[in-house]
Amino acid sequence: MSVHLLDHPLAAHIMTHLRDVTTKPATFRTLAYQLSLLLAIEATRDLATEEKLIQTPLEAATGRVLPHRPLVVVPILRAGLGMVQPFLDTFPDVSVGYLGLERDHTTAVARNYYCKLPPLAGRRVFLVDPMLATGGSAAQAISVAKQHGAANPTLVCIVAAPEGVAEVERHHPGTIIHTAALDRTLNAKKYIVPGLGDFGDRLYGTGA
Ligand code: PRP
Ligand code: URA
């Protein structure tokens, strides 16, 4: 199992406000962007670079740049959309795929309703989904990504439950998971506790 817990005072600060039930959608979206940016930086720490010779105003110098092999970010709709923009803003050549999964409200089993992915073979693939609860959605998303050629997609989330981490590990051993929080457990309705509630509803203001 490979869980990377984001450890940064700013991440802790943002997470507290995301969890706060009084945080309104407009602020929630900004906080989700900020935390996802920190996660994107952390999750891409191991990207390969190549040498490049450049000329500074003073002399020739050798630097390192990202190769022209775009990475792929795949948000799991719909809540994952709240994590995409930092990747677009930060990485010049990113490709975006979309995967629509929706948990049934009673069974918590995810249904695949949309899939539009670029070729994934030989590319670094980041699946972004803020909530890793039972792990059913993430395990299914990783399977779909692998069917489309991804070798070892990385999962990036905001809050993970131990049950979800274990489920991903059971289906896809060795998957790297980046998360900003590892919470206590799931409640009877399969929501993460303490968690932050329904991420998609809070992001888009669609809650009751
Ligand atoms: C949420 C969340 C994950 C999933 C996690 O999405 O964004 O995709 O639940 O739960 P799991 O680990 O038990 O599968 P949801 O199905 O509520 O859809 P939404 O993004 O459209 O709100
Ligand atoms: N999906 C959410 O948005 N929140 C949870 O706690 C679990 C699944």
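Note that ligands are numbered from 1 as they come in the structure, with each ligand's atoms numbered from 1 the same way.
- With hydrogens and angles ignored, the 3.5 Å screen pairs no side-chain donor or acceptor of T27 with any backbone N or O of T23.
- In A110, neither the side chain nor the backbone holds a heavy atom less than 4.0 Å from any atom of ligand 1.
- Within the 4.0 Å heavy-atom shell around ligand 1 one finds G135.
- Among protein heavy atoms, the minimum distance from atom 16 (O) of ligand 1 is reached at R103 N, 2.6 Å.
- Using a 4.0 Å cut-off between charged side-chain N and carboxylate O, D46 and R124 make a salt bridge.
- Here is the list of ligand 1 atoms found below 4.0 Å of a heavy atom in L77: 20 (O).
- If you check the side chains of K146 and H172, you find a donor sitting under 3.5 Å from an acceptor.
- Between F199 and ligand 2, an N or O atom pair is found at a separation short of 3.5 Å.
- In this structure, R202 contributes its side chain and L18 its backbone to a donor-acceptor pair below 3.5 Å.
- Distance remark: protein heavy atom present below 4.0 angstrom from atom 4 (C) of ligand 1.
- Between I192 and ligand 2, at least one N/O pair is under 3.5 Å apart.
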- Message: Under the criterion side-chain contact (heavy atoms from CB on, under 4.5 Å), I'd like the reasoning laid out for F126 against V74: C-alpha separation, chi angles, the key distance, then a yes or no.
- Response: CA-CA 6 Å; F126 296 87; V74 181; over 6 Å; no
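- Residue R103 places a heavy atom under 4.0 Å from ligand 2.
- Relative to the six-membered ring of F199, R103 misses at least one condition, a distance below 6.0 Å or an angle of at most 45° to the axis.
- Looking at ligand 2, you won't find any N or O of G200 less than 3.5 Å from one of its N or O atoms.
- With ligand atoms numbered from 1 in the order given, ligand 1 contributes 7 (O), 20 (O) to contacts under 4.0 Å with heavy atoms of A79.
- Of the protein's non-hydrogen atoms, the one nearest atom 18 (O) of ligand 1 is L101 O, 4.0 Å.
- Checked by atom type, the side-chain pair T134/E163 shows no donor-acceptor distance below 3.5 Å.
- Heavy-atom proximity to A133, at under 4.0 Å, picks out these atoms of ligand 2: 7 (C), 8 (C).
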- Task: Go through V94 and V72 one step at a time and tell me if the side-chain contact (heavy atoms from CB on, under 4.5 Å) criterion holds.
- Result: CA-CA 6 Å; V94 66; V72 183; over 6 Å; no
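- Every heavy atom of K190 sits 4.0 Å or more from the atoms of ligand 1.
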- Could you please spell out the steps behind the side-chain contact (heavy atoms from CB on, under 4.5 Å) verdict for L35 and L6? CA-CA 10 Å; L35 195 49; L6 183 61; 4.0 Å; yes
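- Note that CG of L77 and CG of L99 are 7.0 Å apart. Values are rounded to the nearest 0.5 Å.
- Distances below 4.0 Å separate heavy atoms of M131 from the following atoms of ligand 2: 1 (N), 2 (C), 3 (O), 4 (N), 5 (C), 6 (O).
- Near E102, with a cut-off below 4.0 Å to any heavy atom, the atoms of ligand 1 are 16 (O).
- Distances below 4.0 Å separate heavy atoms of G136 from the following atoms of ligand 1: 12 (O), 14 (O).
- Closest heavy-atom contact between L31 and I14: O-CG2, 3.4 Å.
- Atoms of ligand 1 lying under 4.0 Å from at least one heavy atom of R78, given by number and element, are 19 (P), 20 (O), 21 (O), 22 (O).
- For atom 17 (O) of ligand 1, the closest heavy atom belonging to the protein is D198 OD2, 4.2 Å.
- Taking all heavy atoms of T206, V168, L132, T134 into account, the minimum distance to atom 11 (P) of ligand 1 is reached by T134.
- Using a 4.0 Å cut-off to heavy atoms of G197, the atoms of ligand 2 that qualify are 2 (C), 3 (O), 4 (N), 5 (C), 6 (O).
- With respect to the salt-bridge test (charged N to carboxylate O, under 4.0 angstrom), the residues K189 and D198 do not qualify.
- The nearest protein atom to atom 14 (O) of ligand 1, hydrogens excluded, is given as S137 OG, 2.5 Å; this is a heavy-atom distance.
- Ranking protein heavy atoms by distance to atom 5 (C) of ligand 2, first place goes to Y191 CD2, 3.3 Å.
- Checking only distances, P130 never comes within under 3.5 Å of ligand 1, N or O to N or O.
- With hydrogens and angles left out, the side-chain atoms of T206 and R78 include a donor and acceptor closer than 3.5 Å.
- Compare D129, D104, I76 by their heavy atoms: the one nearest to atom 2 (C) of ligand 1 is in D129.
- Across all their heavy atoms, E169 and G174 have their closest contact at OE1-N, 3.1 Å.
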